[in-house]
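Reviewing the structure listed below.
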Amino acid sequence: MRQALALKIGVSGVRGIVGDALTPQLVTTFGAAFGTYAGAGPILVGTDTRPSRDMVRHAVMAGLMSVGCIPVDLGIVPVPVLQSHIRRSGAFGGICVTASHNPIEWNALKFFGADGILLRPHEAAELTDLYHQGVFPRIGGTAVAEPRHDDSAIARHREAVLRHIDMDAIRSAGIHVAVDCCNGAAHAATPAFLEQLGCRVTAIYVDPDEPFPHNPEPVPENMTALGQAVLESGADIGFIQDADADRLAIADETGVPLGEESTLAIVVRHVLKRDPGPVVVNVSTSRMLDDICREAGCPLHRTRVGEINVVSRMAEVGARIGGEGNGGVIAPAINPCRDSFVAMAYVLEAMAQEAKSISALRAAIPHYAFIKERIEVSPREVPELLRALRALWGEADLDYTDGIKAIWADRWIQARASNTEPIVRLIAEAPCEADARQMLDAARAVLSRG
Amino acid sequence: MRQLKIGTSGIRGVVGDALTPELAVNFACAFGAYCAGGAVVIGRDTRRSSVMLRSAVLSALISSGCEVIDLGVCTTPAVSFAIRHTGAAGGISVTGSHNDARWNALKFIGPDGALLNAANTEELLDIYHAGAFLRVGWSELRRFRLRTDLIADYVEHVAEALACDAVRSRGLRVAVDYCNGAAIEAGQRLLDRMGCEIIPLNDDPSVEFAHPPAPSRTNMRQLAALMRSVPADIGVAINADGDRIGFVLPGGVPLSEEYSLPLAANEALATRSGPVVTNLSTSRMVERVAERHGRTCVRTTVGEGHVMDLALTNGAAVAGEGNGGVAVLPHAATFDALLTLGVVLRTMAARDCTFADLCADIPAMHMHKGEVAVPPDQVYRVLDVFREQYADVEADLTDGVRLEWPDAWLHVRASNTEPLLRVIAEADVAERADTLFDEAMALARRAAMAHGVR
């Protein structure tokens, strides 16, 4: 296979490996391109805790300043905090320096419009056009504006989220929470958030100057330390966020990971009880959501993978709750993006209002075996491979919303090219592990023949 | 024409035109590679665009694996000091120096604290053109450190070099025009240390330059006006990055910036051995001072990079240029306005004399400077005309054409920064200077016309 490039420019932003494709040159020019796109005004800039954060942040700010923008430096902040602060502060847009759940050698720029929402595909296309045209309205030296600093974003976001939450119920429940912040962007925000809810907090990995203790993706294999912390501290629940705190996964009171797909399921079930309505999730999200929506009598819409696709459809259908199965909960009335703080608040509210343990809440939802695999594939081979899979899955209902998804009465499998890495993701869900594994293995055999 | 100049004074251009953050990133990456990923000191002046270029430079150096030591807003000589003090591999001063506020530049400084000389600049340019940058992985990135405390160490270094306690008892009143530039903090500290009463002018770093920052007589009019109403023992104007200084006499008479070097040399040569190094365009006043101390005066190509390179090599006592840039060795490896000021104040205290007395001690000369627009591709033909016209005089061709007589000299050279021919004439008596200058300007104009029209 041809060596995959360590650079992705797409709807999710600009993502690359530091020291390889993600250079200060590239980032500076993207800063200038985004400033040109957003207009000469305040642009929020925040970072996660990756060691490359200063390198990338300063390159972005230099590019922004060169076209007349005023960078507003929020320092280390969770992505959802930055997004909610854009509208609140009247900024023209925002850039977050974070590679989210990618390993530490990566970094990325995520671009947000004045509405605090990730650039939509056509907007992202305009930005990359500006980048490639390379002609920017540079301002003269005497007009350059000095960056401002704003430390208020985390507290203002906390207040905004908690206005929508039954704080009294959570406070009187006195829940003990263990949390793994992965030494990431939420290292300070999350303990403060939970304490505000009257929780007893056992926090691990909250040092922003230490490297990630494990890969930041909140999947079961990265949750060993959290499980141990839950058991040792006797916590009622364990939370784990990724490096930029848009995604959340949960461990139950015995320290066992519930699987990241459970987060959205638990939250949606809770919200629909009080506030029934349409729900939007992506096409890769667990069929638990189908069960929950059917039971609540609410329509479920599925979109392509990617926060922006879900957020856009939610606005179209007027959904109050939705998200992505990988732990991304979206409640647009609170914050129009995946927000792990919103997810934590809703999970705790469900425990408090129903007076149930987290494992009891999980048990109220049907269980499926859910397996994800990643297969390194050169992007140019992807179409051929998907056609081969179509032949393999010919007898099923086929859905081409994103890649190809084959659906049978009680199971499904999907193959799609990642937006963020040169890989194909295979996802299978079935009543039991063996069935899911069998579907995956058959698909893998086709892919590796390619 | 796009305004960008690359040479021993670094890269210099008009911001938003040729000088973009991308260009700064690329040059700083080249410098990071030149320093082999070692520690690099950075500082900046108060220009609004300096914040932007600092971010670009910071990002580039971090990406090269350099440990960046950031002094914040400070003078170029403070960056030079911090490099030597911390043992860093080099430094970058983000400053348009004497240029007006539209301009900015990166000055590259080596481990010896001096601007890169011609050979080192060439190496840096080779790295830049080859794009041979270091791109280190995430685990080799170093956190940058803010070290504004090093500015106090720099002031202490200057104060110790001057043994300035002797000045304290004099209680001198010093009017200082900082041009809202980078020397404000260090200047206030040093003058406090010397027990001076400070009459500050343009000392707000957040405000734009009140006038172009070069310490010329024209740009010192505001300071001169202040000194006509406020009594002071001496007036000084310091440019945006603290490498050039000009003086104003009590009562408000501004001196030519050509005086700064001979004033400092007259004192420095009394205490340290070695020649004087200056450029080919600088007034003979400093030659006369050197003769008085039994020293030679060596002249080289215009530009601090060339002058300081020779000065450090030949063990000069003092070096400088007629633009107000002076280095008193061995305390400075770059031109240093505050050190120059300190030397002059110490002299006034030691000799118990007025500033006018010090100036009277410098043999006066008569100088004219002018310029003639010449397209860059015609400059060398015009220079040839001068060589032919004055064929009976031995010409120094180091930098343009320089002709010397016992009582006068004439220097005609291409500007480094603009499509201009610069003409400088100086003589012991005014009439001779007038004649020589008028003759040269007329010749330059005629030659430019002849060659400019095809």
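Computation of the quantities below employed the complete heavy-atom set of this structure, encompassing side-chain atoms and omitting hydrogens, waters and symmetry-equivalent molecules. Within every chain, numbering begins at 1; the chains are lettered A, B, ... in the order of the sequence lines, protein sequences first and strands thereafter.
- One distance of note links CG of B:Asn120 with CG of B:Leu124; it measures 9.0 Å at 0.5 Å rounding.
- Test A:Asn222, A:Thr190, A:Val206, A:Ile204 against A:Asp180 for side-chain contact (heavy atoms from CB on, under 4.5 Å) and you get one pass: A:Ile204.
- With a 4.5 Å cut-off on non-hydrogen atoms, B:Phe133 touches chain A through its side chain but not through its backbone.
- Note on A:Thr29, A:Leu22, A:Val60, A:Ile17: by heavy-atom pairs under 4.5 Å with chain B, the leading option is A:Thr29.
- Here CD1 of B:Ile42 is found 4.0 Å from CG of B:Asp70. Values are rounded to the nearest 0.5 Å.
- Looking at A:Ile139, only its backbone comes within 4.5 Å of chain B, counting heavy atoms on both sides.
- For A:Ser66, the parts lying near chain B are the backbone and the side chain together; criterion is any non-hydrogen pair under 4.5 Å.
- The two atoms that bring B:Ala28 and B:Leu61 nearest to each other are O-CD2, 3.6 Å, heavy atoms only.
- Looking at B:Asn104, neither its backbone nor its side chain comes within 4.5 Å of chain A, counting heavy atoms on both sides.
- Taking the six-membered ring where tryptophan is involved, the planes of A:Tyr131 and A:Phe30 are essentially parallel, since the angle between them stays under 30° and well short of 60°.
- Between A:His58 and B:Phe144, the distance separating the two ring centers is shorter than 6.0 angstrom.
- Heavy atoms closer than 4.5 Å to chain A are found nowhere in B:Arg142, neither backbone nor side chain.
- Most heavy-atom pairs under 4.5 Å with chain A, from the set B:Ser64, B:Ser63, B:Ala60, B:Gly137: that is B:Ser63.
- Contacts of B:Glu208 with chain A are made by side-chain atoms alone, with heavy-atom separations under 4.5 Å and no backbone atom involved.
- When the shell of 6.0 Å around CG of A:Asp209 is examined, it contains more than 12 heavy atoms from other residues, nucleotides or ligands.
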For B:Thr75 and B:Asp241, what are the C-alpha separation, side-chain angles and deciding distance, and is it a side chain to side chain donor-acceptor pair (under 3.5 Å)? CA-CA 5 Å; B:Thr75 64; B:Asp241 70 328; over 6 Å; no
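- The part of A:Arg53 that comes within reach of chain B is its side chain, from C-beta onward, which places non-hydrogen atoms under 4.5 angstrom from that chain.
- Across A:Pro51, A:Ser52, A:Ala145, the residue that shares the most heavy-atom pairs under 4.5 angstrom with chain B is A:Pro51.
- Comparing A:Gly31, A:Ala32, A:Ala62 by heavy-atom pairs within less than 4.5 Å of chain B, the highest count is held by A:Ala62.
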